[in-house]
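Computed over heavy atoms, backbone and side chain alike; hydrogens, waters and symmetry mates excluded. Remember, predicted model here, so these are calculated numbers, not experimental data.
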2 protein chains.
Amino acid sequence: MVEESSRIAGPELRADARRNRGRILVAAREVFAEHGIDAPMATVARRAGVGVATLYRRFPTRDALVRAAFAQQVETCGRALTEALADPDPWRGFQRLVETVCELQREEQGFPAAFVAAFPDSAAEHAQARERAERDLMTLVRRAQAAGALRADFHPSDLAVALLAHCGLVTALPHDGAASRRLVAYLLQSFRAEAAHGALPPPSALSLGGLPLAADGSQRQRPSRA
Amino acid sequence: MVEESSRIAGPELRADARRNRGRILVAAREVFAEHGIDAPMATVARRAGVGVATLYRRFPTRDALVRAAFAQQVETCGRALTEALADPDPWRGFQRLVETVCELQREEQGFPAAFVAAFPDSAAEHAQARERAERDLMTLVRRAQAAGALRADFHPSDLAVALLAHCGLVTALPHDGAASRRLVAYLLQSFRAEAAHGALPPPSALSLGGLPLAADGSQRQRPSRA
DNA sequence: TCTTAACCGGACGGCACCGTCCGTTTGGAC
DNA sequence: GTCCAAACGGACGGTGCCGTCCGGTTAAGA
């Protein structure tokens with residue numbers, strides 16, 4: 001009932017602790033992107049150049065680490081959305097938003113997908129950030145539609161669908177930037193109001209490859225035990 | 001060097017063994033779709049109603065089991081391709097192919113994606129089936145383009161890209177058929193030569209949800225340790 | 001400089017899954 | 001009906017990751 005009198009405000013970390021925390025987050029993002037979200041904690045610790053205990057002291061559970069690592073991406077996406085809203089040309093703002101987020105996904109490879117897969121209920125945590133994002137997105141979509149650039153039957157959830165799909169693609173083909181860009185171009189074209197067939201980026205090199213159709217995957221390397 | 005003289009031809013299984021083998025494959029597809037490709041072997045065995053030893057006798061390694069389970073899907077996709085080629089209307093054939101494969105992916109949830117992720121080198125095994133599929137697909141694409149239905153700059157690899165992306169989507173939202181259908185509709189429209197904006201299926205219910213943008217995932221449930 | 005408390009990392013027990021071994025049961029041929 | 005080989009399933013040792021405990025080290029204030 002009675003708390004320690006002082007110390008209510010400051011969970012300030014010592015200089016070295018703060019530095020290590022940062023290193024761990026960077027390492028976690030890299031390792032999770034590379035070896036999947038189930039990668040051993042020890043691997044993250046080693047990559048960060050710290051001991052396992054340090055990692056567990058900073059992030060008591062694996063979930064805490066994953067969530068913290070992912071929070072940075074959420075933040076980045078939020079910024080992208082704000083920037084998109086600031087663009088005077090509504091369509092260009094929308095287009096840039098999609099391209100920016102997809103580029104981020106490309107960099108982070110499969111990590112976002114794995115995160116969403118593992119934490120379906122993570123909405124609550126980012127509640128207010130999410131609410132704001134939702135409002136901003138709605139505004140962006142409406143403006144683009146009012147300008148006659150975005151098709152009228154576009155629904156905000158379509159953006160989530162497109163991003164999830166793209167996320168899945170980069171998870172499957174983490175080294176195929178061409179495939180990613182090609183998909184983004186197709187999607188953006190199909191979102192346009194007047195369907196102008198602009199030029200597409202060059203196609204992916206995969207032959208018919210990485211397909212859940214004839215079973216190939218060309219570049220993939222994530223072991224996942226295999 | 002010297003093989004057993006007889007027994008070259010017949011690895012015939014006893015009736016009960018054959019029956020159990022079938023059960024195991026069914027159970028494996030279900031379990032892998034539900035709990036991911038790393039699900040414990042014991043779970044598969046239990047679901048199939050057999051002992052662990054039986055499972056290992058039939059499929060010595062986990063890989064062997066996964067590959068065997070996936071082979072059936074490859075076969076189904078091959079049939080879909082053949083049917084598509086048989087359709088007198090090239091575009092309708094193409095459209096049906098995409099829809100059929102995506103529906104299959106929806107049923108199998110994330111299994112194909114996980115397979116491709118885990119076995120990037122699986123192309124070799126299905127070499128001849130794949131070669132044939134590639135030839136067939138090329139024919140299908142050329143015919144549809146010649147008919148002026150499919151855009152001229154469509155590349156066969158675009159199909160693989162689209163399917164991988166869709167696969168990723170159903171992995172992330174295994175229970176959201178609306179999202180899947182919506183994506184397929186968008187993609188098909190963007191593949192059309194003359195960009196006719198037809199009606200889209202109703203949008204997904206996810207609010208802005210399962211997005212690697214504001215971090216939610218609504219329906220997802222696959223644990224993956226979480 | 002010195003003290004102290006916070007931080008560090010390696011080592012250790014616990015647990016879950018893997019894959020095999022062996023005694024028992026069952027299909028099917030004579 | 002009888003017999004045997006093949007198939008069955010439960011139990012068991014091995015391995016790798018998880019998460020905590022403890023003695024040494026270092027930042028930072030007096």
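- Rounded to whole angstrom, the span from the NE2 atom of His35(B) across to the P atom of dC17(C) amounts to 12 Å.
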Can you give me every donor-acceptor pair (side chain of residues 94-103 of chain A, partner residue at least two apart or in another chain, under 3.5 Å) with its distance?
residue: Gln95(A); atom: OE1; partner: Trp91(A); partner atom: NE1; Å: 3.1
residue: Thr100(A); atom: OG1; partner: Arg96(A); partner atom: O; Å: 2.6

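- One distance of note links CG of Leu188(A) with CG of Leu183(A); it measures 9.5 Å at 0.5 Å rounding.
- Nucleotide dC15(C) holds its P atom 19 Å from the CZ atom of Arg62(A), rounded to whole Å.
- As a whole-Å value, the separation of Ile24(B) CD1 from dC8(D) C1' is 11 Å.
- Here Asn20(B) does not reach the OP1 or OP2 of dA7(D): none of its side-chain N or O atoms lies under 4.0 Å away.
- One atom, OH of Tyr56(A), and another, P of dC17(D), lie 11 Å apart when rounded to the nearest Å.
- With sequence neighbours left out, Arg79(B) forms a salt bridge (Lys or Arg N to Asp or Glu O under 4.0 Å) with Glu75(B).
- Annotation: the span from Arg29(A) atom CZ to Gln73(A) atom CD amounts to 5.5 Å, rounded to 0.5 Å.
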Pairs of donor and acceptor atoms involving the side chains of residues 42-61 of chain A, under 3.5 Å and at least two apart or interchain, shall be tabulated with distances.
residue: Arg47(A); atom: NH1; partner: Glu30(A); partner atom: OE1; Å: 2.8
residue: Arg47(A); atom: NH2; partner: Glu34(A); partner atom: OE1; Å: 3.1
residue: Thr61(A); atom: OG1; partner: Asp63(A); partner atom: N; Å: 3.1
residue: Thr61(A); atom: OG1; partner: Ala64(A); partner atom: N; Å: 3.0

Check nucleotides 23-30 of chain C for protein N or O atoms closer than 3.5 Å to its own N or O atoms and list the pairs.
residue: dG28(C); atom: OP1; partner: Ala15(B); partner atom: N; Å: 3.2

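- Spacing between atom CG of Asp38(B) and atom C1' of dC17(D) amounts to 14 Å, rounded to whole angstrom units.
- Considering only side-chain N and O atoms, Arg58(B) lies under 4.0 angstrom from the phosphate OP1 or OP2 of dC8(D).
- Between Thr54(A) and dC7(C), a side-chain N or O to OP1/OP2 separation shorter than 4.0 Å is absent.
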Let me check something: any side-chain donor-acceptor pairs from residues 158-167 of chain A under 3.5 Å, sequence neighbours excluded? List them with distances.
residue: Asp158(A); atom: OD1; partner: Arg182(B); partner atom: NE; Å: 2.8
residue: Asp158(A); atom: OD2; partner: His155(A); partner atom: N; Å: 3.0
residue: Asp158(A); atom: OD2; partner: Arg182(B); partner atom: NE; Å: 3.1
residue: Asp158(A); atom: OD2; partner: Arg182(B); partner atom: NH2; Å: 2.7
residue: Asp158(A); atom: OD2; partner: Tyr186(B); partner atom: OH; Å: 2.6
residue: His166(A); atom: ND1; partner: Gln105(A); partner atom: OE1; Å: 2.6
residue: His166(A); atom: NE2; partner: Ser180(A); partner atom: OG; Å: 2.6

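- Here the side chain of Arg62(B) pairs a donor or acceptor atom with the backbone of Asp38(B) at under 3.5 angstrom.
- Proximity of Arg132(A) to Arg135(A): side-chain heavy atoms (C-beta onward) are separated by under 4.5 Å at one or more points.
- Rounded to an integer number of Å, the gap from CZ of Arg18(A) to P of dA28(D) is 11 Å.
- Looking at residues 40-53 of chain B, you'll see Pro40(B), Met41(B), Ala53(B) sit with a heavy atom under 4.0 Å from some atom of DNA chain C.
- With rounding to the nearest 0.5 Å, the separation of CD in Glu83(B) from CG in Asp87(B) is 9.5 Å.
- Atom CZ in Arg57(A) sits roughly 11 Å away from atom C1' in dC21(D) (whole-Å rounding).
- Distance Arg23(B) CZ to dA7(D) P: 16 Å, rounded to the nearest Å.
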